[in-house]
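First the structure, in the form of structure tokens, and then the observations on it.
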Amino acid sequence: MKTLFHLLLIISLSCGLGLFSSCNQDKEMNVLLIVGGHDFDEVPFYAMLDKLPGVTYDVAEHPNAYTRLKPGLIDRYDVILLYDMPTEIPEDAKEDFVSMLENGKGLVALHHAFCSYDSWPEYTNIIGGRYHHFPWQKNGKEQPPSTYKHDIGMDIKVMDTKHPVTKGISDFQIMDEAYGGTEILENVHPLLGTDESASGPLVGWTNNYGNAKVVTLTLGHDKQAWENPNFTRILSQAISWVGGK
Ligand SMILES: [Zn+2]
């Protein structure tokens with residue numbers, strides 16, 4: 001019994017010193033999930049989240065979600081998971097949003113959260129890209145609006161097999177909604193790509209904003225994706241990585 005106690009003590013001390021890279025995933029992540037502005041199939045979505053290892057979450061729904069980003073209230077969370085799609089954001093909420101990222105709060109933008117905030121250009125810099133609902137300019141040339149197509153079988157290529165978010169994942173297939181003709185900033189770090197013509201070339205990347213780690217995954221429309229073990233593992237590793245201290 002004493003030996004077991006010593007073993008547990010050694011493991012916990014080693015985790016504290018960061019000697020085991022897997023320990024980070026064992027840390028309980030307190031996640032604030034933000035929803036609203038786009039419907040989704042709630043029962044299987046929450047069932048998928050309930051099964052993510054080491055994740056506990058609260059749900060905040062628009063229009064009241066922004067009050068949870070206030071300094072003091074936001075401190076209890078390690079990670080903000082966006083699965084929302086509002087078009088507008090009040091000025092004071094913009095300030096709280098940016099300030100929590102400057103203070104290092106981890107952020108994961110999932111699927112239709114890529115399509116939020118048409119009228120807030122800074123959101124592009126935060127999540128590293130944009131789904132354009134209207135024609136847009138690229139290098140002085142007008143581009144058509146972005147597109148979406150449901151139930152596309154996509155071959156996904158893992159572009160960085162060593163990154164903590166994609167570690168242990170091999171190239172895989174997924175049936176999901178594809179976003180095409182989107183804008184992705186050049187300075188993002190690519191994680192997941194596809195050559196599916198209905199989709200942009202990247203479906204997953206990391207970005208830095210302020211002191212925050214940010215992961216954007218454009219996958220995740222419905223349970224065809226949520227039941228894909230590659231998707232859930234990537235989401236789980238994304239939450240652990242952005243929330244890592
Ligand atoms: Zn969707």
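Remember, it's 1-based here, ligands and their atoms both numbered in the order they're listed.
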Going hydrophobic residue to hydrophobic residue with side-chain gaps under 4.5 angstrom, can you get from Leu110 over to Met85? no
| Any luck finding a side-chain donor-acceptor pair between Asp58 and Tyr77 under 3.5 Å? | yes
Notebook entry, point to check: When you check the side-chain N and O atoms of His38 and Tyr83, is any donor under 3.5 Å from an acceptor?
Noted result: no
Between Glu177 atom OE1 and His111 atom NE2, the angle centred on the Zn ion (ligand 1) rounds (to 10°) to 80°
Please find out if the Zn ion (ligand 1) and some N, O or S atom of His150 are separated by less than 2.8 Å.
no
message: Is the ring pair His112/Phe40 parallel, tilted or perpendicular, if the boundaries are 30 and 60 degrees?
response: tilted
Tell me, please, if His221 has any N/O/S atom, main chain or side chain, under 2.8 Å from the Zn ion (ligand 1)? yes
